[in-house]
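When a ligand or atom number is given, it counts from 1 through the structure's own listing order. All of these numbers come straight from a predicted model, not from anything done at the bench. If you read the sequence from its start, that first residue is 1, and numbering goes on from there.
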Amino acid sequence: MDQDCLFCRIVAAEIPATVVHETETTLAFRDIDPKAAVHVLVIPKEHYPDVVALATSDPSVTADLIETATAVAEEEGLTGDGFRILFNTGRFAGQEVFHVHAHVLGGEPLGPMLALR
Ligand code: AMP
């Protein structure tokens, strides 16, 4: 655990979160500032700064993360109309929290993936 990491502290239950799904290796909780009708963050319990570090170090937990994200999408009723899973990675993507997290977004039309050029 990284004592300075917000999401590690959520895993340790030092900071509250609205948990919607938990496995041995992953945790899913509602985003505190939702960008869609449904906005859930899915994280590995172990600390990796971003998806590159996770995928490089632990392919098995990477698979667990995707499995949990799709389970959340099913539980939240998103699979019929569609949804988005995204990983902001690094500065250009605007990553703010450096504990890898998948955003699961849906529950309404999400618009274009990026602003039109
Ligand atoms: P990113 O920009 O991809 O790093 O996303 C970080 C996300 O974490 C943002 O959508 C924030 O709203 C969310 N967030 C920050 N603090 C918390 C918190 N305490 N509980 C839940 N979500 C949070």
Students should be able to answer this: which protein heavy-atom is nearest to [atom], and at what distance?
{"atom": "atom 16 (N) of ligand 1", "value": "Leu6 CD2, 3.3 Å"}
{"atom": "atom 14 (N) of ligand 1", "value": "Ile32 CG2, 3.7 Å"}
{"atom": "atom 4 (O) of ligand 1", "value": "Glu96 N, 2.7 Å"}
{"atom": "atom 10 (O) of ligand 1", "value": "Asp31 OD2, 2.5 Å"}

Does atom [atom1] ([X]) have a neighbourhood of more than 12 heavy atoms from anything else shown, all under 6.0 Å?
{"X": "Glu108", "atom1": "CD", "value": "yes"}
{"X": "Glu14", "atom1": "CD", "value": "yes"}
{"X": "Asp2", "atom1": "CG", "value": "yes"}

* Does Phe29 reach ligand 1, in the sense of a heavy atom lying below 4.0 Å from it? -> yes
* Please verify whether a non-hydrogen atom of Phe87 lies at under 4.0 Å from ligand 1. => no
Single-linkage hydrophobic cluster [X]~[Y], side-chain heavy atoms < 4.5 angstrom:
{"X": "Phe29", "Y": "Leu6", "result": "yes"}
{"X": "Val20", "Y": "Val100", "result": "yes"}
{"X": "Val104", "Y": "Val38", "result": "yes"}
{"X": "Leu41", "Y": "Ile85", "result": "no"}

Any idea which atoms of ligand 1 are less than 4.0 Å away from a heavy-atom of [X]?
{"X": "Lys35", "result": "10 (O), 12 (O)"}
{"X": "Asp33", "result": "12 (O)"}
{"X": "Phe7", "result": "8 (O)"}
{"X": "Asn88", "result": "1 (P), 2 (O), 3 (O)"}
{"X": "Leu41", "result": "8 (O), 13 (C), 22 (N)"}
{"X": "Arg30", "result": "21 (C)"}
{"X": "Gly94", "result": "2 (O)"}

* To do: List the steps and the verdict of side chain to side chain contact (heavy atoms under 4.5 Å, CB included) for Leu65 and Phe87.
  => CA-CA 11 Å; Leu65 195 71; Phe87 294 91; 3.6 Å; yes
* Determine the interplanar angle of the His39 and His103 rings, folded into 0 to 90°, and report it as parallel if under 30°, tilted if 30 to 60°, perpendicular if over 60°. => tilted
* To do: Examine His101 against ligand 1 and note whether any of their N/O atoms are separated by less than 3.5 Å.
  => yes
